[in-house]
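Atoms within a ligand are numbered from 1 in the order they appear, just like the ligands themselves.
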Amino acid sequence: MSTSETPLAEPSQLIAAAYDPQLVRELGKRMITLLADHLSHVGSGKGPVLNWDEPSHNIDLARAELEAGNASVPRSADSLLARFDELLRQSLSRGQNLHHPHYVGHQVPASVPLAGLFDSVTTLTNQVMAIYEMGPWATAIERAVVEQVGEAMGFRSGQFGGLITSGGSLANLTALLTARNVALGDGWSAGLTGRSPAPVLVAHAEAHYCVARAAGVLGIGTQQVVSVPLEKNRRMDVNQLDSILADLRTRGVPIVAVSAAACATPIGAFDPLVEISEVCRRHDVWLHVDAAHGGAACLSAKHRHLVNGLELADSVVCDAHKMMFMPALCAMVFYRNRDHRFATFEQTAPYLFDPSAPGMAEYDNGMVNLECTKRAAAMGLWGVWSMFGSQLFEALVDTTFERAQQFYELLEEADDFEAFCQPECNIVVYRYLPGHLRNRSPEEIDRFQLQLRRAVVESGEYYLVQTNLDGRSYLRSTIINPLTTREHLRGLLDCLRKWGSQT
Ligand SMILES: Cc1ncc(COP(=O)(O)O)c(C=O)c1O
């Protein structure tokens, strides 16, 4: 591209500049430098974890850049580089810094940065997959990754199948749609209207909201979700499950599936999958396991006992963008019986699927995935796995689970904090209870937790979330940056004390 200062006023000049590989080379170098500097800055704990600003102000700023783009005419490579630099800096300085060791919030990781580099190959060359020939390599790497994780879960090689889709919510919806079609026979073509008795979905009482949402989307109806009560440790009560299924079968109520959790979102409790699968088998019910968060425990020799029995489920969901530390989104769906993949959607699309190559259906992602054009979402996972082996994922799981135990110990040692329970994974739930709060009403204590969290989050010093258990408010942290240390967690307690004295 020209280095002169002549405006690029003609459409052909704009297009040539936007597609100029030389410009990509220059801007790309700049981008990598800025990104590496950013990671190094936030990774060393400098600056805020969350760059808090009011939504309206952020939207005004974002809109102003678009309007500046409309108003200006790019001139030279240098002016584009300067504009690129400015936009990148702004983006990096206004977001949520997941790689900051004080990020102990939602179940979204400080992703392995190298995965982002592999992902940029996908994005820059726009690798997609609906049918094999649209993305042969994208399809191949997805296959290979699904095979490796499925085998680590204990599924039988050659007998199970799976796919990757955009997020745990869509993955759960996909698997439950498959279950619905298998359980109801003609559900796909006839729909659910007029069925009597109406079908139900039986789910862990604290299933992620996307499970009830799936029931709504699939026409089962959110009121048709039967919640299985939990034991004291908030795992599904297997005896209660048994009674519920026996009662439903006696009354002839069609059961779409049992949806168990490994682990459930609120406190990270893992359901007893072996016992649950035995109950489901006895009542001839599809077992689905939402292992969006905890599924990666299968890669850890130390923690895989938490997910024993995954291999007995009919379908399993596991998010690589949670405990495999991949950038969003990369969610895997597994079917113990690989043929079930084709029960999800019973459609033909002559403009897409080629009848002269019927064997290709095995590899055509669009046959089994709600998405048609689908990003090659496994590129980062495949690249990082190929460089470091599964040992890296084991190390990430072990390190963050261990750090959560250390955090629990710190909470137990402190007189002014109370842990809800000992964590089973890397999710820790707790409250700050300074002396002056002890005689206050439960409602005041709840309000204090929420106000305290808001103050800390807006300060940018730490990022944590809140939850509500049995009607009471708690603070909640997921230790999901492997570089968060015990000292950072000790600092979190001090930070809560500091803001607590002003709340
Ligand atoms: C157990 C469980 N299932 C599903 C989801 C939803 O996953 P996603 O945010 O990728 O849609 C979550 C998110 O935290 C979760 O914890």
Side-chain angles (χ1 to χ4, degrees), residues 96 98 103-111 115 149 153 162-177 179 201 203-218 225 227-228 230 234-236 257-271 273 276 287-298 306-307 310 313 315-334 369-371 374-375 377-378 380-381 397 400-401 404 423-429 463-469 476-480:
Q96 171 70 273
L98 287 131
Y103 180 93
V104 284
H106 288 287
Q107 296 148 264
V108 185
S111 52
V149 180
M153 285 180 173
L163 59 113
I164 290 184
T165 190
S166 292
S169 303
L170 187 53
N172 277 309
L173 177 75
T174 306
L176 291 171
L177 172 56
L201 173 67
H204 186 290
E206 292 187 336
H208 188 267
Y209 75 81
C210 70
V211 171
R213 184 173 283 192
V217 174
L218 298 177
V225 178
S227 283
V228 185
L230 308 179
R234 298 186 107 80
R235 294 180 205 151
M236 192 186 272
V258 165
S259 184
C263 51
T265 312
I267 66 161
F270 285 78
D271 279 343
L273 300 178
I276 291 174
L287 171 59
H288 171 68
V289 182
D290 178 0
H293 186 84
C298 73
L306 291 168
V307 290
L310 266 188
S315 55
V316 173
V317 160
C318 174
D319 282 358
H321 60 274
K322 291 191 169 62
M323 290 308 292
M324 292 182 81
F325 292 79
M326 288 297 115
L329 288 161
C330 182
M332 295 172 274
V333 181
F334 298 91
N369 205 316
L370 185 64
E371 296 165 276
K374 181 177 87 84
R375 233 181 127 244
L381 181 54
V397 168
T400 49
F401 279 30
E424 281 190 272
C425 59
N426 55 335
I427 297 173
V428 188
V429 177
Y463 184 76
L464 65 160
V465 298
Q466 81 282 321
T467 193
N468 191 293
L469 293 168
R476 179 173 176 276
S477 286
T478 305
I479 320 297
I480 201 153

Exercise for the section: Quick one: pull up CG in Leu381 and CD1 in Ile164 and give me the separation to the nearest 0.5 Å. Expected result: 6.5 Å
Practice task
Please check if the side chain of Thr478 supplies one atom and the backbone of Gly105 the other of a donor-acceptor pair under 3.5 Å.
Solution key: yes
Practice task
Would you please classify the geometry between the Tyr463 ring and the Tyr103 ring as parallel, tilted or perpendicular, with 30° and 60° separating the classes?
Solution key: parallel
Completion exercise
Honestly, for Leu170 the part within reach of ligand 1 (heavy atoms, under 4.0 Å) is neither
Practice task
Measure the distances from the heavy atoms of His106 to every atom of ligand 1 and state whether one is below 4.0 angstrom.
Solution key: no
Handout entry: Salt-bridge present (Arg235, Glu206; N to O < 4.0 Å)
Key = no
Practice task
Check whether any side-chain heavy atom of His204 sits under 4.5 Å from a side-chain heavy atom of Val228, and report yes or no.
Solution key: no
Problem - Ligand-residue contact atoms, ligand 1 with Ala292, heavy atoms, under 4.0 Å - result: 2 (C), 3 (N), 4 (C)
Exercise for the section: Write out the residue and atom name of the closest protein heavy atom to atom 16 (O) of ligand 1, then the distance separating them to 0.1 Å. Expected result: Thr265 OG1, 2.9 Å
Problem - Nearest-contact summary for atom 2 (C) of ligand 1 - protein heavy atom, Å - result: Asp290 OD2, 3.4 Å
Exercise for the section: Check ligand 1 against His321 and write out every atom of the ligand that is under 4.0 Å from a heavy-atom position of the residue. Expected result: 10 (O)
Problem - Proximity to ligand 1 by part of Val317, non-hydrogen separation under 4.0 Å - result: neither
Practice task
Could you tell me if any non-hydrogen atom of Cys210 lies under 4.0 Å from any atom of ligand 1?
Solution key: yes
Handout entry: Proximity of Ser169 to ligand 1 by residue part, where a heavy atom lies under 4.0 Å
Key = both
Practice task
Return yes if some donor-acceptor pair links the side-chain N/O of Asp271 with the main-chain N/O of Leu273 below 3.5 Å, else return no.
Solution key: no
Handout entry: Donor-acceptor under 3.5 Å (Ser477 side chain, Val428 main chain)
Key = no
Exercise for the section: Compute the shortest N/O to N/O distance between Gln107 and ligand 1 and return yes if it is under 3.5 Å, no if not. Expected result: yes
Practice task
Any chance you could lay out the side-chain hydrogen bond (donor to acceptor under 3.5 Å, both in side chains) test for Thr165 and Glu371, step after step, and finish with the verdict?
Solution key: CA-CA 8 Å; Thr165 190; Glu371 296 165 276; 2.6 Å; yes
Handout entry: Short side-chain to backbone donor-acceptor contact, His208 and Cys210, under 3.5 Å
Key = yes
Practice task
Could you tell me if any non-hydrogen atom of Cys263 lies under 4.0 Å from any atom of ligand 1?
Solution key: yes
Problem - Identity and separation of the nearest protein heavy atom to atom 12 (C) of ligand 1 - result: His208 CD2, 3.2 Å
Problem - atom 7 (O) of ligand 1: the protein heavy-atom neighbour that sits closest, reported with distance to 0.1 Å - result: Lys322 NZ, 3.0 Å
Handout entry: Which of the ligand 1 atoms, numbered from 1, are nearer than 4.0 Å to a heavy atom of Gly168
Key = 7 (O), 8 (P), 10 (O), 11 (O)
